[in-house]
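Written out below as structure tokens is the structure these notes cover.
Model, not experiment: these values are computed from the prediction.
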Amino acid sequence: MVFISLGCALLAGFLLANQNPINSDLSRIVRSPFLAASISFLVGTVFLGLLSWGMSGNLWPTREFISTQPMWIWLGGLLGGIYLTSNVVLFPKLGAMQTVILPILGQILMGTIIDTFGWFQAAIIPLTMLRLVGLVVLILGVVCAVVLPSKLKKDELMLNSLEKETGKLFWQIWAIIAGAISATQQAINGHLGTLLHNSEQAAFISFFTGFILIAIFSLILERRLPKLSELKTTKLWNWFGGILGGSFVLATVLTVPKIGAGLTITMGLIGSITGSMLVQQFGWWRSAKSSVSLIQIIGVIIMAVGVAIIKFL
């Protein structure tokens, strides 16, 4: 059963890496990352709603359950909306590798904090010296996988402007924050699934809440709906982002109670890295094609060692 949960978390990370370029391409078609995120959440909500109804016949918790739970238990959808929208915005600005790896750094750091202090009803895991060493190794791996490749390219050594580099640094920092938001979402959704004793229902509630919030925000900001002429130009796979995102949320809800938030994030990390490297190498989903460099592979290996130290030693 443990190996099934590990495989489920691994697959969740791989799916998430493929969701980013799909939603980014949809954003290009509808000319708005927020409209693209709303469409993705709508598709994911319908997918999870049908799954929850088919598996258990329930979509909503009882009024008594809602009234007895703390407010933070319902924040998973909001955090998921922020994370998904961030990925749609970040992908064209940072590329496949950075859009996945930098949030992974935020996930690991926040996952460590959650485990250390027992936030969101998580089991407390003390922050030992060995875990600190693992964090340092992990950060070193991120530097190798993300920072060094751009610095080693001659065309990037000749900076076009200070403003351009500062802007990129802002998006890189936000990518780390988005990862921390994702880790928080996984911990909250996992605990919600435990309380409901229904993983599909918990995933649906999280996605439905996220859809309502991101749709309202999108309408306020864009003041329009996607045009039918725009939607007609989409490919079938442009609609898969919501299904992949819904599957990711469902997988984390299933695995967090069984193997813990930390190990779920760890296996998701490995799946995400593998997926992002394949997306970048082969240019899947109409994304920019770029060969994976040796230093990136070394960085990923170093990150894996850091994760192993944090979670397994």
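- Here Glu222 pairs with Ser32 under the side-chain hydrogen bond (donor to acceptor under 3.5 Å, both in side chains) rule; sequence neighbours left out.
- Between Arg223 and Ile220, the shortest heavy-atom contact is CG-O, 3.6 Å.
- Considering only residues two or more places apart in sequence or on other chains, Thr194 meets the side-chain hydrogen bond (donor to acceptor under 3.5 Å, both in side chains) condition with none of them.
- Nearest heavy atoms, Val30 versus Pro226: CG1-CB, 4.2 Å.
- Not counting sequence neighbours, Phe65 has no partner by the ring-ring contact (aromatic ring centres under 6.0 Å, His included) test.
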*side chain to side chain contact (heavy atoms under 4.5 Å, CB included) assessment of Leu195 paired with Gln69*: CA-CA 9 Å; Leu195 293 174; Gln69 300 306 319; 3.2 Å; yes
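- Remark: the backbone N or O of Gly77 is not paired with any side-chain donor or acceptor of Thr209 at under 3.5 angstrom.
- Inter-residue side-chain proximity for Leu278 and Phe14 is flagged as met; some heavy-atom pair is nearer than 4.5 Å.
- Rounded to the nearest 0.5 angstrom, Leu78 CG and Ile212 CD1 are separated by 13.0 Å.
- The OG1 atom of Thr252 lies 9.5 Å from the CG atom of Leu16; values are rounded to the nearest 0.5 Å.
- Closest non-hydrogen pair, Ser247 versus Phe47, comes out as OG-CE2, 3.7 Å.
- For residues 53-71, no pair satisfies salt bridge (Lys or Arg N to Asp or Glu O under 4.0 Å), with sequence neighbours left out.
- The closest side-chain heavy-atom distance from Glu200 to Asn198 is below 4.5 Å.
- Hydrophobic cluster membership of Val136, counting Ile, Leu, Val, Met, Phe, Trp and Tyr whose side-chain heavy atoms lie under 4.5 Å apart directly or via other members: none, as it forms a cluster of its own.
- Here the CD1 atom belonging to Ile108 is positioned 8.5 Å from the CG atom belonging to Leu105, to the nearest 0.5 angstrom.
- Qualifying side-chain hydrogen bond (donor to acceptor under 3.5 Å, both in side chains) partners for Ser86, counting only residues two or more places apart in sequence or in other chains: Trp174.
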*CA sep, side-chain torsions, deciding dist, call: Ile124, Asp115, side chain to side chain contact (heavy atoms under 4.5 Å, CB included)*: CA-CA 5 Å; Ile124 296 178; Asp115 287 344; over 6 Å; no
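- Side-chain atoms of Pro103 and Tyr83, non-hydrogen and from C-beta on, do get closer than 4.5 Å to each other.
- Annotation: ring-ring contact (aromatic ring centres under 6.0 Å, His included) contacts of Phe120 (sequence neighbours excluded): Trp72.
- At least one donor-acceptor pair closer than 3.5 Å links the side chain of Thr116 to the backbone N or O of Thr112.
- In this structure the side chain of Ile82 never reaches within 4.5 angstrom of the side chain of Leu213, judged on heavy atoms.
- When only modelled atom types and interatomic distance are considered, Ser52 and Gln201 share no side-chain donor-acceptor pair under 3.5 Å.
- The shortest side-chain heavy-atom distance between Gln186 and Val249 does not fall under the 4.5 Å cut-off.
- Through chains of ILVMFWY side-chain contacts below 4.5 Å, Leu225 is grouped with Leu219.
- Counting all heavy atoms, side chain and backbone alike, Leu254 lies closest to Ser199 at CD2-OG, 3.2 Å.
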_Is there a side chain to side chain contact (heavy atoms under 4.5 Å, CB included) between Lys227 and Lys232? Walk through the geometry before answering._
CA-CA 9 Å; Lys227 296 180 180 179; Lys232 286 182 177 180; over 6 Å; no
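- Residues Trp74 and Ile66 form a side-chain contact, since some pair of their non-hydrogen atoms from C-beta on lies under 4.5 Å apart.
- Not counting sequence neighbours, the partners of Ile301 by the side-chain contact (heavy atoms from CB on, under 4.5 Å) test are Ile297.
- Atom OG of Ser276 sits about 8.5 Å away from atom CD of Gln296, to the nearest 0.5 Å.
- Under the side-chain hydrogen bond (donor to acceptor under 3.5 Å, both in side chains) criterion, Glu230 pairs with Arg31, sequence neighbours left out.
- With rounding to the nearest 0.5 angstrom, the CG atom of Asn20 is 12.0 Å from the OG atom of Ser27.
- Of the listed residues (Asn23, Ile22, Leu15), just one forms a side-chain contact (heavy atoms from CB on, under 4.5 Å) with Gln19, and that residue is Asn23.
- When hydrophobic clusters are built by joining Ile, Leu, Val, Met, Phe, Trp and Tyr residues whose side-chain heavy atoms come closer than 4.5 Å, directly or via intermediates, Val256 is not grouped with Leu10.
- Counting only N and O atoms by type, the side chains of Asn238 and Asp25 include a donor and acceptor under 3.5 Å apart.
- When all heavy atoms of Gln185 and Ser206 are compared, the closest pair comes out as NE2-OG, 4.0 Å.
- Partners of Phe204 under the ring-ring contact (aromatic ring centres under 6.0 Å, His included) rule, at least two apart in sequence or in another chain, are Trp60, Phe208.
- In this structure, Phe34 and Ile214 approach most closely via the heavy-atom pair O-CG1, 4.5 Å.
- No path of Ile, Leu, Val, Met, Phe, Trp and Tyr side chains, each step under 4.5 Å between heavy atoms, connects Met71 with Trp119, placing them in separate hydrophobic clusters.
- Applying the ring-ring contact (aromatic ring centres under 6.0 Å, His included) rule to pairs touching residues 234-255 yields Trp237-Trp285, sequence neighbours excluded.
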*Let me see the working for Lys235 and Arg286 under side chain to side chain contact (heavy atoms under 4.5 Å, CB included), right down to the final yes or no.*
CA-CA 11 Å; Lys235 300 289 185 181; Arg286 287 200 290 222; 3.8 Å; yes
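- Side-chain atoms of Gln281 come within 3.5 Å of backbone N or O of Val292 as a donor-acceptor pair.
- Considering only heavy atoms from C-beta on, Ile39 comes within 4.5 Å of Leu231 through its side chain.
- Between atom CD of residue Gln121 and atom CG of residue Leu192 there is a gap of 12.5 Å, rounded to the nearest 0.5 Å.
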